[in-house]
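What's counted below: heavy atoms across the whole structure, side chains too, no hydrogens, waters or symmetry copies. Note on naming: letters A, B, ... go to the chains in the order of the sequence lines (proteins, then strands), and numbering restarts at 1 for each one. In this text, all values refer to a predicted model and were calculated from it rather than measured experimentally.
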Number of protein chains: 4
Amino acid sequence: MQSHPVPARPGRPRSAAADAAILAATREALVELGWSKLTLGDVATRAGVAKTTLYRRWAGKHELVVDAVAELFDALRLPDRGSLAADIEGVVLQFAAILARPEAKSGLMAVVAESTRDEALRDRIRTSIVDRQKRLVLEGRARAQGRGELPQSDPAESERTADLIFDMVAGAVVHRTLVSGHPADEEWVRGFTQVLLLGLAGAGAAAAGD
Amino acid sequence: MQSHPVPARPGRPRSAAADAAILAATREALVELGWSKLTLGDVATRAGVAKTTLYRRWAGKHELVVDAVAELFDALRLPDRGSLAADIEGVVLQFAAILARPEAKSGLMAVVAESTRDEALRDRIRTSIVDRQKRLVLEGRARAQGRGELPQSDPAESERTADLIFDMVAGAVVHRTLVSGHPADEEWVRGFTQVLLLGLAGAGAAAAGD
Amino acid sequence: MQSHPVPARPGRPRSAAADAAILAATREALVELGWSKLTLGDVATRAGVAKTTLYRRWAGKHELVVDAVAELFDALRLPDRGSLAADIEGVVLQFAAILARPEAKSGLMAVVAESTRDEALRDRIRTSIVDRQKRLVLEGRARAQGRGELPQSDPAESERTADLIFDMVAGAVVHRTLVSGHPADEEWVRGFTQVLLLGLAGAGAAAAGD
Amino acid sequence: MQSHPVPARPGRPRSAAADAAILAATREALVELGWSKLTLGDVATRAGVAKTTLYRRWAGKHELVVDAVAELFDALRLPDRGSLAADIEGVVLQFAAILARPEAKSGLMAVVAESTRDEALRDRIRTSIVDRQKRLVLEGRARAQGRGELPQSDPAESERTADLIFDMVAGAVVHRTLVSGHPADEEWVRGFTQVLLLGLAGAGAAAAGD
DNA sequence: CCGTAACCGAGACGGTACGTCACGTCTTGAG
DNA sequence: CTCAAGACGTGACGTACCGTCTCGGTTACGG
């Protein structure tokens, strides 16, 4: 009996080291050159790999950068700081710190731009990046409900509210960082979190009063 | 006295019609091809203009697209619907409608992405697009203060709050539209506006109570 | 007793069938694709063999094609038609028939072209193809001398004359077929043979008269 | 009135100097690298020209080399040495000298090989190279007839004989030079010319006696 | 009304990167 | 040690756009 029915494909297996080297080289090139000047030939050279190896694994620049940037978001964790507000501030600050890095800045908006015309790319972004962030919203709410800070939510309403929260949080941080061009520092995050939480509380009360 | 000290350069003046034709052709190409497949040669052909003419007026693809997209936002108006909430809903819906157009979707995020590494481009975007939107926030607040819906604001605090509001509004709409991929329709806008206004009111009260 | 002291190398012996399959596949590919579009990967696939196997036996495309084409010339025989002229006509027609085949046309000139810069390849062509043809000139002359159609030749002069005959015969047929692009049919061969033999007879007489 | 209705195409005209530089660079590369190692990128670099310029004018390596090699044959002249035999020897020696040059050796057979599968290339070779040589056969015969060395020829037979002569001359020289790998020096040319002329004379006499 | 200077179209130019292809080598597991 | 399979580094391919340039020809003003 074999629990893992390993496909055991014939031929030489793909180098696992190459993948890591390529993604690291991609981030390095993003930092130095930015999205528009990044070339796959250069990435291949930095990674010590042939261009063909790169094309064997990724369909193009966009897909590669999605994967390279996605790894940056692996570090996102929901901290337990004792209160909902503090938890949110913590995770938003982490998110802002990642977005402040040039490799994220450069690449993220570019792939989002492209994804407006590429269904497959949009899915890849959603799977690799967006959903990973969104999960934190759900975790945070569950923890706050455990603490009694939030009431149990109507499952039907729950999904909609989570989406709204996520768009408001991620949108505000991204916009401030990339469009307005100011840092999402601790002070800003505190102000933003206050508005968000008070607004949600008020809206919840209004809904309950209906 | 000459209010416009026109340099009155010698030689044949630039064709005014060409500018309009080029910007229109750019938007047309954005719709059909998207940012990444748009080429200046193609734009020139569509506009019935030589590539040289195009380069005489814009430094490159990014600058051209900023101007082409900026014109889309000229239509933004602050409606007078009688209440702050209704006014905001109205302007946000307009903003969402523009962002839903493929020529805006495709081009906007791309130039923002590029602007992370190009100071001049960032300024151009701010001047041509961002400030034009931000002005509406200020107008809206002034009108609400006129109606007595909002207290007169501390000038020092005013700037910071306006920025926060702007980042929250624009960020949330952009994120929902481009990243989450869902329409910012009337229902969503109502929910978002409610949270925003209640949050701001609460934060204002808290600040006043300090 | 073992006449060939086969080294009896350890390990699995090479498949004999593979050689034949590879050479046949090479000719097939030459017919379908021609020299320049023939790839070793494709040949390997056609032969049902791995590329490695192919490289274990031949150094490259040129060597392989020489061997594949050389087999075509194995069929060349000096016919006994009763007279020198008829014998020559017969062998030239055979030669022309082989050259008319696309696998010979495509491959032969290509390896000759390459051989101008590759000593080893030149030797391989000489050994596998050219000498096999040249031998027929010598056989033909010997038979004609046996019949009394030609005088016994001065050994010193013999080599030179044989070379001249060979270059004239092979050169004319190749040039007509590949450069001029006309078939070397029976009528042409008859005319050519007549000029050749009368010329040689005349030259022989002139030399004798010196 | 304008005798040359110059098309006067719009746009920047093609650089005439580039053509010459490219063809010269091609021959240089043929000498140094040979056909198979010659790359268009390298030729472009040597010529101080962009690769695209090269592709704008030639469809590929084969066409380019045909033109580069064809220029070598421009130097062929029918010398007037007083007798048919001497004239032939003179022109054959010139032909042999050209074929002995590495840029001709390397390229000529390669394009001939390719032309077996490319109708357009075959025409180009015929027009640029072959017909230019064949013309010498016709000139030589006309001059010999003027001298009374040859009888006036039956026009019907004339074409066929000229073709035969041309295939025999060019074929023999090419075969000796490229396949047999020996120089077509003065001694060899004398022997070859003798056989050819005596053969043609004999065949002419035989035909007249019919 | 005529010169001059900047404009315009067309398209060739030197570059750079693209994404693909074939080469010849290597690394697997199986025989 | 051979074999099939297939990934690998290498290097050329031919294409596409870039942004610049060079043409001949066209406006408009200003002398």
Side-chain angles (χ1 to χ4, degrees), chain A residues 6 8-15 18 36-45 47-61, chain B residues 8-15 18 36-45 47-61, chain C residues 8-15 18 36-45 47-61, chain D residues 6 8-18 36-45 47-61:
Chain A
V6 179
R9 292 185 306 172
R12 179 174 172 176
R14 290 192 176 167
S15 157
S36 65
K37 296 206 180 328
L38 176 151
T39 67
L40 296 201
D42 178 60
V43 169
T45 303
V49 143
K51 220 178 10 155
T52 38
T53 297
L54 210 150
Y55 278 105
R56 234 173 256 125
R57 301 168 190 221
W58 286 278
K61 195 167 157 172
Chain B
R9 292 182 301 178
R12 179 174 171 178
R14 289 188 178 166
S15 158
S36 65
K37 298 208 179 325
L38 176 151
T39 70
L40 294 200
D42 180 60
V43 169
T45 303
V49 142
K51 244 193 325 171
T52 341
T53 299
L54 209 150
Y55 277 104
R56 233 175 257 123
R57 302 168 190 219
W58 286 277
K61 194 169 159 174
Chain C
R9 293 180 298 178
R12 179 172 169 179
R14 289 188 178 168
S15 157
S36 65
K37 298 208 179 321
L38 175 151
T39 69
L40 295 199
D42 178 60
V43 168
T45 304
V49 142
K51 245 194 322 173
T52 340
T53 299
L54 208 151
Y55 277 104
R56 234 175 256 121
R57 302 169 190 218
W58 286 276
K61 194 168 158 173
Chain D
V6 178
R9 293 184 306 173
R12 178 173 172 176
R14 289 192 176 168
S15 158
S36 65
K37 296 207 179 328
L38 177 152
T39 67
L40 296 200
D42 178 60
V43 169
T45 303
V49 142
K51 216 174 21 150
T52 39
T53 296
L54 210 150
Y55 278 105
R56 238 174 253 123
R57 302 168 188 220
W58 285 276
K61 195 168 158 174

Review point. How far apart are the closest heavy atoms of A/A44 and A/A50, and which atoms are they?
Key: CB-C, 4.0 Å
Review point. Do you know which two heavy atoms are closest between D/L54 and D/L40, and how far apart they sit?
Key: CD1-O, 3.7 Å
Check your understanding: Can you tell me how far the OG atom of A/S15 sits from the CZ atom of A/R12, to the nearest 0.5 Å?
Key -> 8.0 Å
Practice item. Output yes when a side-chain donor or acceptor of B/R57 lies under 3.5 Å from a complementary backbone atom of B/A18, and no otherwise. Key: no
Practice item. Tell me which of B/Y55 and D/G41 sits closer to the 5' end of DNA chain F, going by the nucleotide each one is nearest to. Key: D/G41
Exercise for review: Using whole Å, report how far NZ of A/K61 lies from P of E/dG19.
Suggested key: 9 Å
Study note, to complete from the structure: A/D42 atom CG is separated from E/dG19 atom P, nearest whole Å, by 14 Å
Practice item. Take the protein atom CG of C/L54 and the nucleotide atom P of E/dT25, then report the distance between them rounded to whole Å. Key: 12 Å
Check your understanding: To the nearest 0.5 Å, what is the distance between NZ (B/K51) and OG1 (B/T45)?
Key -> 9.0 Å
Point to revise | Inter-axis angle, terminal five-pair segments of the helix from E/dC1-F/dG31 to E/dG31-F/dC1 [nearest 10°] | key: 20°
Practice item. Assign a letter to each nucleotide of nucleotides 6-11 of chain F from its 5' end: B, base within under 4.0 Å of a protein heavy atom; S, sugar-phosphate only; -, no contact. Key: BBBBBB
**Study point:** Spacing between A/L40 atom CG and E/dT16 atom P, to the nearest angstrom
**Key:** 17 Å
**Study point:** Separation between OG1 of A/T52 and CZ of A/R56, rounded to the nearest 0.5 Å
**Key:** 4.5 Å
Practice item. Whole angstrom is fine here: how far is it from CH2 in D/W58 over to P in F/dC13? Key: 15 Å
